[in-house]
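Worksheet: the structure to be examined is printed underneath.
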2 protein chains.
Amino acid sequence: MNLVEINKALANDTRMDIMCWLRDPEKHFRKHKDGKGFEDGVCVNVIKEKTGMSQSTISHYLSSLQRVGLVQTVRVGKWTYYQRNDDMIRKFLSELQLIL
Amino acid sequence: MNLVEINKALANDTRMDIMCWLRDPEKHFRKHKDGKGFEDGVCVNVIKEKTGMSQSTISHYLSSLQRVGLVQTVRVGKWTYYQRNDDMIRKFLSELQLIL
DNA sequence: ATTAAATATCGAATTTTATCGATATTTATG
DNA sequence: CATAAATATCGATAAAATTCGATATTTAAT
């Protein structure tokens with residue numbers, strides 16, 4: 001875990017928003033069209049719609065968040081579902097608490 | 001207090017290091033040449049020496065940290081002493097804990 | 001009043017980030 | 001297998017961050 005890299009990932013309004021929204025997908029995102037719930041996370045396109053940014057940008061953002069471990073993904077068919085990695089988030093917060 | 005702006009300030013190894021070093025100046029910095037202690041903080045030049053970066057860069061870094069409220073300064077004669085703003089740091093950490 | 005020391009600001013060069021549209025890839029479906 | 005849908009990657013451009021050396025400013029000491 002690299003604290004500064006995680007801070008970089010969170011040093012952007014949209015990426016920070018996404019992290020917060022993913023705490024409670026029901027509250028923040030529209031339902032998946034195929035009726036699937038959010039138990040595996042939220043698919044890229046639904047996040048894209050919420051932000052209003054381009055698909056490529058959001059895909060890129062989500063990759064960054066994944067690269068530093070803040071989110072996890074599952075691929076199911078043609079969809080990639082993104083959800084928070086609460087383990088890593090806890091680790092990050094306590095490490096930051098400890099050293100800062 | 002702007003969470004994302006604070007994250008940007010901490011999204012750099014040197015600035016993060018400085019914040020950490022300032023937790024315990026006695027441990028991390030050489031003494032001030034005029035014999036002054038660290039009760040008001042650490043002067044720019046001593047921080048500059050520790051990092052090995054240029055004076056202008058470190059001055060700039062310290063300004064960024066001050067702009068977001070992570071450090072406070074006192075001017076005494078020709079010296080500017082920088083020290084942590086623990087109040088703000090606490091606020092930042094608990095806000096981050098709360099929303100992330 | 002000059003000079004010297006500490007810090008801040010300016011201007012510039014380089015690197016990194018942000019962001020898009022276009023294209024490639026993967027998977028499901030007719 | 002051809003097509004469509006979802007996502008990922010590529011290439012490009014604009015904006016922001018990094019970092020320096022040079023210069024300006026402020027204060028102390030002669």
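The analysis underlying the following values was restricted to heavy atoms, covering all of them including side chains, and did not include hydrogens, waters or symmetry mates. None of the values given here were measured: they were computed from a predicted structure. Below, read A as the first sequence line, B as the second, and so on, with proteins coming before strands; counting in each chain starts at 1.
Distances shorter than 4.0 Å separate some side-chain N or O of A/Asn12 from OP1 or OP2 on C/dA18. Residue B/Thr57 places at least one side-chain N or O closer than 4.0 Å to OP1 or OP2 of D/dC20. Taking only side-chain nitrogens and oxygens, B/Thr80 never comes nearer than 4.0 Å to OP1 or OP2 of C/dA6. At the phosphate of D/dT18, OP1 or OP2 sits under 4.0 Å from a side-chain N or O atom of B/Arg15. The phosphate of C/dA8 has OP1 or OP2 within less than 4.0 Å of a side-chain N or O from B/Tyr82.
Of the candidate nucleotides C/dT9, D/dT7, C/dT7, D/dT7 has the atom lying nearest to any side-chain atom of A/Ser59. Of the listed nucleotides (D/dA8, D/dT26, C/dT17), C/dT17 has the atom at the smallest distance from the side chain of A/Lys8. Comparing D/dC10, C/dT7, D/dT7 by their closest approach to the side chain of A/Val44 singles out D/dT7.
Remark: P of D/dA6 and CZ of A/Arg75 are 11 Å apart, rounded to the nearest angstrom. Residue A/Asp40 contributes atom CG, which lies 17 Å from atom P of D/dA6 at whole-angstrom precision. In this structure, the CD1 atom of A/Ile47 is 9 Å from the P atom of D/dT7, given to the nearest Å. Per the geometry, OH belonging to A/Tyr81 stands 14 Å off P belonging to C/dT27, to the nearest Å. Rounded to whole Å, the distance from NZ on B/Lys48 to P on C/dT7 is 11 Å. Atom pair A/Leu10:CG and C/dT17:P shows a separation of 14 Å (rounding to whole Å applied). We find that NZ of A/Lys33 is positioned 14 Å from C1' of D/dA4, with the value rounded to whole Å. The CD1-P distance, from B/Ile58 to C/dA6, rounds to 16 Å in whole Å.
For the pair B/Met53 and B/Thr14, the minimum side-chain heavy-atom distance is below 4.5 Å.
Checked by atom type and distance alone, the side chain of B/His28 never pairs as donor or acceptor with a backbone atom of B/Leu22 at under 3.5 Å.
Projected onto DNA chain C by closest heavy-atom contact, A/Gln55 and A/Lys78 fall at different nucleotides, the more 5' of which corresponds to A/Gln55. Both A/His60 and B/Trp79 lie close to DNA chain C; mapped to their nearest nucleotides by heavy-atom distance, the more 5′-ward contact belongs to B/Trp79.
No donor-acceptor contact under 3.5 angstrom links the side chains of B/Ser59 and B/Ser56, judged on distance only.
The base of C/dG21 is not paired with the side chain of A/Ser54 by any donor and acceptor separated by under 3.5 Å.
Taking each heavy atom of A/Trp79 and A/Cys43 in turn, the nearest pair found is CD1-CB, 4.1 Å.
A salt bridge links B/Asp86 with B/Arg84: at least one charged nitrogen is closer than 4.0 Å to a carboxylate oxygen.
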